[in-house]
Amino acid sequence: MKIKDGFILRNIAGNYVVVPVGAENIDFNGMISLNQSGAFLFEKLQQEITKEELIQEVLSVYDVSEEQAKQDVEMFIQKAKEEGLFE
């Protein structure tokens, strides 16, 4: 899976936001605010990666259980789908 083209992550005054760029996302209204772990997941999803690989990336950086990592990744993916960040 991969975030579709046309969305970029920016750090503005210590806050992470995802903003649309380009004509293909002209219907997207607003921006998405992320915390540090959300920004980490967004960055990883800018390249093709499986859900299992994403969970392993979380486990390599954050001190969480595998179950918590799975839940966090699932929640992020679901919200990203709802926001139209995947094709």
Reported CG-to-CD1 distance for the pair L9 and I12, which is rounded to 0.5 angstrom: 9.5 Å
Atom pair CG/CD1 of D72 and I77 - distance to nearest 0.5 Å: 11.0 Å
Without placing hydrogens or testing angles, list every side-chain donor-acceptor pair under 3.5 Å for residues 37-48, not counting sequence neighbours.
from : atom 1 : to  : atom 2 : distance (Å)
S37  : OG     : N35 : OD1    : 3.0
K44  : NZ     : E57 : OE1    : 3.4
E48  : OE2    : M1  : N      : 2.5

Single-linkage hydrophobic cluster Y16~V61, side-chain heavy atoms < 4.5 angstrom: yes
Taking every non-hydrogen atom, the tightest pair across V64 and A69: CG2-CB, 4.0 Å
Non-hydrogen side-chain atoms of V73 and V58 separated by less than 4.5 Å: yes
Qualifying ring-ring contact (aromatic ring centres under 6.0 Å, His included) pairs with a residue from residues 67-87, counting only residues at least two apart or across chains: none
Which residues share a side-chain hydrogen bond (donor to acceptor under 3.5 Å, both in side chains) with K79, sequence neighbours left out: none
From CD (Q68) to CG (L59), nearest 0.5 Å: 10.5 Å
Non-neighbouring partners of Q78 that pass side-chain contact (heavy atoms from CB on, under 4.5 Å), sequence neighbours left out: E82
With sequence neighbours excluded, residues passing salt bridge (charged side-chain N to carboxylate O under 4.0 Å, His left out) with K51: E74
Which residues share a salt bridge (charged side-chain N to carboxylate O under 4.0 Å, His left out) with K81, sequence neighbours left out: none
For E66, salt bridge (charged side-chain N to carboxylate O under 4.0 Å, His left out) partners two or more places apart: K70
Residues in side-chain hydrogen bond (donor to acceptor under 3.5 Å, both in side chains) contact with T50, at least two apart in sequence or another chain: E53
Working for side-chain contact (heavy atoms from CB on, under 4.5 Å), residues I32 and L85: CA-CA 10 Å; I32 301 167; L85 298 179; 3.9 Å; yes
Cluster link V21 to V17, ILVMFWY, side chain under 4.5 Å: yes
